[in-house]
Visitor: 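Here it is: the structure, laid out below.
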There are 2 protein chains.
Amino acid sequence: MIRIVVADDEEMIRTAIVSLLAMEDDLEVVAQADNGSDAVSLVRQHQPEVVLLDLEMPPTDGIEAATQVLSSVPDTRAVLMTRHARPGVLRRAMAAGITGFVPKSTSVSRLAEVLRDVAASRRYVDPELAAQALNADACPLTDRELDALRLTRTHASVQQIAETLHLAEGTVRNYLSSAMAKTQSESRHAAAEVAWQQGWI
Amino acid sequence: MIRIVVADDEEMIRTAIVSLLAMEDDLEVVAQADNGSDAVSLVRQHQPEVVLLDLEMPPTDGIEAATQVLSSVPDTRAVLMTRHARPGVLRRAMAAGITGFVPKSTSVSRLAEVLRDVAASRRYVDPELAAQALNADACPLTDRELDALRLTRTHASVQQIAETLHLAEGTVRNYLSSAMAKTQSESRHAAAEVAWQQGWI
DNA sequence: CGATTCCGATGACATATGTCACCGGCCCCC
DNA sequence: GGGGGCCGGTGACATATGTCATCGGAATCG
């Protein structure tokens, strides 16, 4: 019996997945959470073979939850689900040590197969996603540029960004300007959008 | 037997919902689609009692699909599902003539009950959503302000907005400034975000 | 070692954006 | 007819944003 913890913030999809997985003879959902941090403590408590994590969860997202899970319960395999399969995210997820990666365009029956694979310590990455990730341009942005773009996405002003990052305003403007050049964007907001779409932030 | 057409662009949730609804004795999913326009033609073809539509679907969203469905097959009842329950959206959905409205924080078993209600021509609106909609402030923005905010969301510059709307730049800045005041935002981007969150655009 | 390259950082400068006061025209409604 | 609100518009002004030249330090490479 493969024991599983499921975390997804959307009730409808989580309950649906759980009900359908429960019908599989060899799978057992031992706990479910609607956020990342609860998922982490549930995994610690239940020590399941596999934890299934949604990527988009406030406040702790799937990758962060996976990182915490794997550092404290290294025997558990993590599978990440995502709605928008942005290329760069896969790279970060792999770096975090996840074993499986599926888009939400997968059917639940297929998901069950993936969970079995992963429980048997086989890696699984959705082929289309993998292809995208291989074709994806490496992120041309520096860490600081990414910092500034992340904050730009929250509608912070340059001044606020500078304070948060402990930099001079001019410096921040430089990073943003450079990021805009690299992403061929006309404004820092557009650049942040591009970086997000690409999965760089 | 209640016959249903289901439309949702996310495979995982759609297949999950369909499988679970199929287990109910009195419900039958006769067709499913992953976009709004397919949903419309499937409804025309199958004439189901109920059509279950996701709100967020590219390119034709749920409200638009519902409008088209109800004008061509008026006997069909439409139920809308949404991930982010923005208050203003409910108003627009009701105006489009939908009979049921549920957030995706609903469980599938609850959804089945709603579908039965709706098939019996009873309206159903998620209580929390309804409360939000009643408490929601009416949109304080003028049409022109909304135009400018819509374009702001595409990261257009003030100049580009002015060209698109055939206005002077100063005028556009005025609308945006006024919108920012009304939404208590610090920038036009933040104002556009607020308007979006509120379901005003 | 020296040359080169890249990142982080700064300040000066030009442009874009937001604020304010104000105007005339139009429409609706008391 | 006289308000009041929305619309389109202008100009002046303050501030925010984006561009550029430049610098120091760390890493890389010949």
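This is a predicted model, so every value here is computed, not measured.
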Visitor: Is the side chain of B:Thr76 donor-acceptor paired with the backbone N or O of B:Pro48 at a distance under 3.5 Å, no angle test?
Guide: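 Checking the backbone N and O of B:Pro48 against the side chain of B:Thr76, a donor-acceptor pair under 3.5 Å is found.
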
Visitor: To the nearest angstrom, how far is A:Ile161 atom CD1 from C:dA9 atom C1'?
Guide: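 Result: 16 Å.
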
Visitor: When rounded to the nearest 0.5 angstrom, what distance separates OG1 in B:Thr60 from CD in B:Gln68?
Guide: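 Here the rounded value is 6.0 Å.
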
Visitor: With B:Arg123, which residues qualify under salt bridge (charged side-chain N to carboxylate O under 4.0 Å, His left out), at least two apart?
Guide: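 If we apply the salt bridge (charged side-chain N to carboxylate O under 4.0 Å, His left out) test to B:Arg123, skipping adjacent residues, there are no hits.
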
Visitor: Side chains of A:Glu128 and A:Gln132 only: does a donor on one sit below 3.5 Å from an acceptor on the other?
Guide: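 Short answer, no.
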
Visitor: Could you list all N or O pairs between the protein and nucleotides 16-19 of chain C that sit under 3.5 Å apart?
Guide:
from   : atom 1 : to       : atom 2 : distance (Å)
C:dT17 : OP1    : B:Arg188 : NH2    : 3.4
C:dT17 : OP2    : B:Val158 : N      : 3.4
C:dG18 : OP1    : B:Arg188 : N      : 3.3
C:dG18 : OP2    : B:Arg188 : NE     : 3.3
C:dG18 : N7     : B:Arg173 : NE     : 3.1
C:dT19 : OP2    : B:Ser177 : OG     : 2.6

Visitor: Side chain to side chain donor-acceptor pair (under 3.5 Å) between A:Ser178 and A:Glu145: does it pass, once the steps are laid out?
Guide: CA-CA 8 Å; A:Ser178 148; A:Glu145 285 162 2; 2.4 Å; yes

Visitor: Have A:Thr82 and A:Glu56 got a donor and an acceptor in their side chains that come within less than 3.5 Å?
Guide: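 Yes - a donor-acceptor pair under 3.5 Å links their side chains.
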
Visitor: Rounded to whole angstrom units, what separation is found between the CG atom of A:Leu165 and the P atom of C:dC7?
Guide: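 One finds 17 Å between P of C:dC7 and CG of A:Leu165, rounded.
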
Visitor: With a 4.0 Å cut-off on N to O distance, would you call A:Lys104 and A:Asp54 a salt bridge?
Guide: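 Yes, charged N to carboxylate O under 4.0 Å.
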
Visitor: Mind checking salt bridge (charged side-chain N to carboxylate O under 4.0 Å, His left out) for B:Arg110 and listing every partner two or more places apart, or none if nothing turns up?
Guide: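 With sequence neighbours excluded, B:Arg110 shows a salt bridge (charged side-chain N to carboxylate O under 4.0 Å, His left out) to B:Glu113, given in chain and number order.
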
Visitor: Does A:Glu10 come within less than 4.0 Å of A:Arg83, counting only side-chain N to carboxylate O?
Guide: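 Yes, charged N to carboxylate O under 4.0 Å.
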
Visitor: Show the distances under 3.5 angstrom between N or O atoms of the protein and N or O atoms of nucleotides 5-8 of chain D.
Guide:
from  : atom 1 : to       : atom 2 : distance (Å)
D:dC7 : OP2    : B:Thr142 : OG1    : 2.7
D:dG8 : OP1    : B:Arg144 : NE     : 2.9
D:dG8 : OP1    : B:Arg144 : NH2    : 2.7
D:dG8 : OP2    : B:Arg144 : NE     : 2.4
D:dG8 : OP2    : B:Tyr175 : OH     : 2.7

Visitor: Distances under 3.5 Å only, N/O to N/O: pair up the protein atoms with those of nucleotides 23-29 of chain C.
Guide:
none

Visitor: Test of understanding: with salt bridge (charged side-chain N to carboxylate O under 4.0 Å, His left out), list the residues that count as partners of A:Arg3, not counting sequence neighbours.
Guide: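 A:Arg3 satisfies salt bridge (charged side-chain N to carboxylate O under 4.0 Å, His left out) with no other residue.
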
